[in-house]
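Single-structure report; data block below.
Ligands are counted one by one from 1 in listed order, and the atoms in each one are counted from 1 as well.
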Amino acid sequence: MMIDASPLSADLLARFCAIVGDKHAVRDSDEKAPYLLEERGLYQGRSPVILRPGTTDEVAQICKLASETRTPLVPQGGNTGLVGGQIPHHGEILLSLRRLDKVREVDPSSNTMICEAGVILANAHVAAEKAERIFPLWLGSEGSCTVGGNLSTNAGGIAALSYGVARDLVLGLEVVLADGRILNGLSKLKKDNTGYDLRNLFIGAEGTLGIITAAVLKLMPKPRTVETAFVGLASPEAALKLLALSQSHAGGALTSFELIADIAVQFALKHGPGLRAPLSEAHPWYVLMEISSPRDDARTLIEGALEAAMEAGLVDDAVIAANLDQRNAFWTLREVISPAQKPEGGSIKHDISVPVAAVPDFIEEANAAVVKLIPGARPVPFGHLGDGNIHYNVSQPVGGDTADFMARWHEVNQVVFAIVLRMGGSISAEHGIGVLKRDELPDVKDKVAISLMRDIKAMLDPLGIMNPGKVL
Ligand code: FAD
Ligand code: ZN
């Protein structure tokens, strides 16, 4: 168990504030409030001060002082994390990286871009676009999440199928260590075999090993043509076959392949902002797929895949977006699924992955197990089928008591995680461990891996001041 961070003396608080200047040391309760509350209201933190450094050097000075005085720090980017990792639960100092918001360089010839940690993901997209490139990491939270947060959580998103996850999109990192030393690894090299890969330690570490202050990100060429289809089908098995067929038609140009249960679409249509059903009739399952090609052939590829799927009896109905507005409407429908579960009452959430081929069995077994445990519970599975990553959420029974249902969060997790583990899957595919899944981690992770993780933590953060109580 974590104990509360000891209250800071007025003198020490003043020394921390002096590093960033009073203007950037937030101490007013109203101003602090948005940093301390997690997006969905699941976690409320507290902190004596929110430090907003403007340079890597200021971050280094903060860490040095924190280390000398054993003062715990919680790093935060856009505060969109879904596992409580960015919240100071025990009165720690909150270190907001948002003022580190410069795109230091865009180098289209090397296909790289150097972003500071606080650059909002959507702004990174704009910078890439100006150079006729893309930075292919797209998340529903891209208007507020930051590059530093994306790397610290190793974010996934809707195009990981083709472009990979955040880890795959980084060449180098600048990191401030717990003792204030700056690790300068802002390398643009693809090929550099000079020892251990330190960069990958900090990616996905959720701020427990050091503070990422800047990164060399990979850029990709802009696709010439993009086509998006909304497909109705009978089952996850049919969707899996459609995935294989589409990949054989389009190869790496198949950039997204999202599976959505009908109940998720119903929730989105009911609670979303003026959305229309893409297909004239309801189907048990849907796939939202996208092909992005460097040539002019995305239309031919998507039509070819869908025609072959129709002939094979895999697809019941399909519509290809006629224009950008329609494409955006398809994606809005997908993005609205998460917030649309809220008006339906309590929702117990899982962010799991299993081998792609196991997804249909996983959904079938999890549905049966959850409904057996809580009769009337409504599974709402949706997610990135192409990555084997399903957001397996469970809404409460209609008319049931929300508090009673939510009290069974852990029990439902246990039932679902048992199936995931049996299938060789992961209990956290995209969102990380934070505090939400910290207590489960030792039960599901290889014992040697956990022990190595603890050793690495002790080596890089011997005083335990970097985001204490998270992950481990
Ligand atoms: P924060 O929430 O501020 O922090 C997240 C973690 O990283 C914390 O542990 C924090 O301490 C640490 N951290 C932050 N910045 C730094 C830094 N510079 N150095 C060291 N540690 C740091 N996630 C996905 O993977 N895929 C999705 O598709 C997706 N969709 C989402 C949609 C919505 C609507 C929402 C609300 C969230 C979604 N998320 C998704 C989760 C979240 O947006 C991602 O985890 C995102 O990468 C977090 O970025 P952030 O800047 O908000 O980080
Ligand atoms: Zn996701």
**Fill in**
Test side-chain contact (heavy atoms from CB on, under 4.5 Å), reference Val170, set Val147, Ile203, Val216, output is Ile203
Heavy-atom contact under 4.0 Å between [X] and ligand 1?
X	value
Gly434	no
Gly156	yes
Val74	no
Gly210	yes

Looking only at side-chain N and O atoms, does [Y] offer a donor or acceptor that is under 3.5 Å from a partner on [X]?
X	Y	value
Asn393	Gln341	yes
Asp197	Asn200	yes
Gln86	Asn79	yes

I need the nearest protein heavy-atom contact for [atom]: residue, atom name and distance, please.
atom	result
atom 4 (O) of ligand 1	Gln86 CB, 3.5 Å
atom 52 (O) of ligand 1	Thr80 OG1, 2.7 Å
atom 18 (N) of ligand 1	Ile212 O, 2.9 Å
atom 2 (O) of ligand 1	Gly81 N, 2.7 Å
atom 21 (N) of ligand 1	Ser152 OG, 3.0 Å
atom 3 (O) of ligand 1	Gly77 N, 2.7 Å
atom 31 (C) of ligand 1	Ser141 OG, 3.8 Å
atom 11 (O) of ligand 1	Pro75 O, 2.6 Å

For ligand 1, is any non-hydrogen atom under 4.0 Å from [X]'s backbone (N, CA, C, O), its side chain (CB onward), both, or neither?
X	value
Leu82	side chain
Thr153	side chain
Leu97	side chain
Ala155	both
Asn467	side chain
Glu206	both
Lys470	neither

**Asked** Do other residues, nucleotides or ligands put more than 12 heavy atoms under 6.0 Å from Arg99 CZ?
**Response**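 Check passes, neighbour count above 12.
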**Message:** Is it true that, when you exclude Lys241 itself, more than 12 heavy atoms of the residues, nucleotides or ligands shown sit nearer than 6.0 Å to its NZ?
**Reply:**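 At most 12 heavy atoms, drawn from other residues, nucleotides or ligands, come within 6.0 Å of this atom.
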For [Y], does its backbone N or O pair with a side-chain atom of [X] as donor and acceptor, under 3.5 Å?
X	Y	value
Arg334	Leu288	no
Glu290	Ser256	no
Asp387	Asn389	no
His24	Pro53	no

Give the atoms of ligand 1, by number and element, whose distance to some non-hydrogen atom of [X] is under 4.0 Å.
X	value
Ala117	18 (N)
Gly207	20 (C), 21 (N)
Thr146	50 (P), 51 (O)
Glu39	36 (C)
Asn150	46 (C), 47 (O), 49 (O)

**Asked** Any N or O of Gln76 that comes nearer than 3.5 Å to an N or O of ligand 1?
**Response**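 Between Gln76 and ligand 1 (N or O atoms, distance only) the closest approach is not under 3.5 Å.
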**Message:** Any N/O/S atom from His431 (main chain or side chain) under 2.8 Å of the Zn ion (ligand 2)?
**Reply:**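 Looking at His431, which is the residue asked about, there is no N, O or S atom under 2.8 Å from the Zn ion (ligand 2).
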**Message:** Within the structure provided, determine whether Thr213 and Glu116 are in side-chain contact (heavy-atom separation under 4.5 Å).
**Reply:** no
**Request:** Have a look at Glu430 and say which of its N, O or S atoms is nearest the Zn ion (ligand 2).
**Result:** OE1
**For the Zn ion (ligand 2), the closest N/O/S atom belonging to His384** =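 Going through the N, O and S atoms of His384 one by one, NE2 ends up nearest to the Zn ion (ligand 2).
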From [X] [atom1] over to [Y] [atom2], what is the distance, rounded to the nearest 0.5 angstrom?
X	Y	atom1	atom2	value
Gln247	Ser162	CD	OG	9.5 Å
Glu258	Leu333	CD	CG	11.5 Å
Ile158	His384	CD1	NE2	8.5 Å

Nearest neighbour of [atom] from the list [options], on a heavy-atom basis:
atom	options	result
atom 29 (C) of ligand 1	Leu139, Val119, Leu209, Ile120	Leu139
atom 26 (N) of ligand 1	Glu430, His384, Glu38, Met466	Glu430
atom 34 (C) of ligand 1	Gly140, Ala214, Ala160	Gly140

**Request:** Work out which heavy atom in Lys188 is nearest to a heavy atom in Leu171; give both atom names and the distance.
**Result:**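 In terms of heavy atoms, the two residues are closest at O-CD1, 3.5 Å.
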**Request:** Take Tyr392 and Phe362, measure what ring pair (Phe, Tyr, Trp, His ring centres under 6.0 Å) needs, and give me the verdict at the end.
**Result:** CA-CA 10 Å; Tyr392 188 79; Phe362 164 74; 5.4 Å; yes
**Message:** Show, in sequence, the C-alpha distance, side-chain angles and deciding distance for His431 and His391, and conclude whether the ring pair (Phe, Tyr, Trp, His ring centres under 6.0 Å) test is met.
**Reply:** CA-CA 10 Å; His431 302 154; His391 296 300; 5.2 Å; yes
**Message:** The test is ring pair (Phe, Tyr, Trp, His ring centres under 6.0 Å); show your working for Tyr43 and His89 and say whether it passes.
**Reply:** CA-CA 8 Å; Tyr43 300 103; His89 299 270; 5.4 Å; yes
